[in-house]
Amino acid sequence: MNNFTIRVQEIVKKIPRGEVRSYKEVATEAGNPLAARAVANIMAKNYIPDIPCHRVIRSDGTLGGYNRGGEKAKKHLLAGEGIVI
DNA sequence: GCGCTGACTGTCA
DNA sequence: ATGACAGCCAGCG
């Protein structure tokens, strides 16, 4: 656990309801534009219930994945916030 | 400390 | 537009 991970948590936590951020965006704001993959890794392995990771999607607009029921559940959650892929 | 893995991304065929 | 490749990073065994 390094500073980068903390930053990522804070940033994702600050994503307003009804909006989404790409892994790349989060990584960039966290201080590491090249760590998009690491961000995804944090969600995948070190899932943090404090952050709405379902609002983090791929840069191309696809969901990418979700460790709380799969892309299906993720899409549903986003749909509930007014976001449709 | 090393190597593998993955919810990524951009580029090429 | 769709599929394959290579490059990057943090976490875990």
Side-chain angles (χ1 to χ4, degrees):
Chain A
M1 186 85 67
N2 54 4
N3 185 274
F4 176 75
T5 308
I6 306 299
R7 296 275 223 114
V8 172
Q9 297 179 39
E10 296 295 307
I11 293 167
V12 177
K13 206 187 307 182
K14 287 172 170 49
I15 300 177
R17 182 191 174 284
E19 306 217 0
V20 295
R21 287 296 192 73
S22 67
Y23 294 95
K24 189 173 182 293
E25 287 286 313
V26 176
T28 303
E29 292 178 43
N32 231 319
L34 308 178
R37 194 135 188 203
V39 174
N41 216 10
I42 294 169
M43 309 301 193
K45 297 177 182 174
N46 282 27
Y47 172 70
I48 305 154
D50 218 39
I51 68 180
C53 42
H54 63 273
R55 290 183 194 156
V56 186
I57 62 177
R58 292 187 41 128
S59 61
D60 48 350
T62 56
L63 299 181
Y66 197 50
N67 63 358
R68 290 308 235 221
E71 300 182 28
K72 202 167 145 221
K74 185 169 180 177
K75 184 179 179 183
H76 186 70
L77 286 168
L78 292 174
E81 298 185 356
I83 301 167
V84 185
I85 308 301

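First the proteins, then the strands, lettered A, B, ... as listed; each starts at 1. Worth knowing before you read on, the calculation uses all heavy atoms, side chains too, and leaves out hydrogens, waters and symmetry mates. In this text the structure is predicted, and so the values were computed from the model without any measurement.
For the residue pair R7(A) and E29(A), the shortest heavy atom distance occurs at NH1-O, 3.4 Å. Heavy atoms only, all atoms of each residue included: E71(A) and Y66(A) are closest at N-CB, 4.2 Å. Among all heavy-atom pairs drawn from A27(A) and A36(A), the shortest one is CB-N, 3.5 Å.
In the hydrophobic clustering (ILVMFWY side chains linked at under 4.5 Å, chained through shared members), I15(A) is joined by F4(A), V8(A), I11(A), V12(A), Y23(A), V26(A), V39(A), I42(A), M43(A), I48(A), I51(A), V56(A).
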Could you list all N or O pairs between the protein and nucleotides 2-4 of chain C that sit under 3.5 Å apart?
none

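The shortest side-chain heavy-atom distance between T5(A) and N46(A) does not fall under the 4.5 Å cut-off. Between D50(A) and K13(A) there is a side-chain heavy-atom pair separated by less than 4.5 Å.
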With Watson-Crick and G-U wobble geometry limited to distances under 3.5 Å, how should the secondary structure of DNA chain C be encoded in dot-bracket form, using | for bases paired to another strand and [ ] for crossing pairs? .||||||.|||||
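For DNA chain B, the outermost nucleotides in 5' to 3' order that have an atom under 4.0 Å from a heavy atom of chain A are dT5(B) to dG10(B).
Within residues 48-85 of chain A, no residue has any heavy atom closer than 4.0 Å to DNA chain C.
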Protein proximity profile, nucleotides 6-13 of chain C - base contact B, sugar-phosphate-only contact S, no contact -, cut-off 4.0 Å on heavy atoms: -BBBBBS-
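Considering CD1 of I85(A) and CD1 of I57(A), their distance stands at 5.0 Å, rounded to 0.5 Å. Taking CD from E81(A) and NE2 from H76(A), the interatomic distance works out to 11.0 Å, rounded to the nearest 0.5 Å. Atoms CZ and NZ, on R58(A) and K24(A) in that order, are 13.0 Å from each other to the nearest 0.5 Å. For the atom pair K74(A) NZ and H54(A) NE2, the distance stands at 9.0 Å (nearest 0.5 Å).
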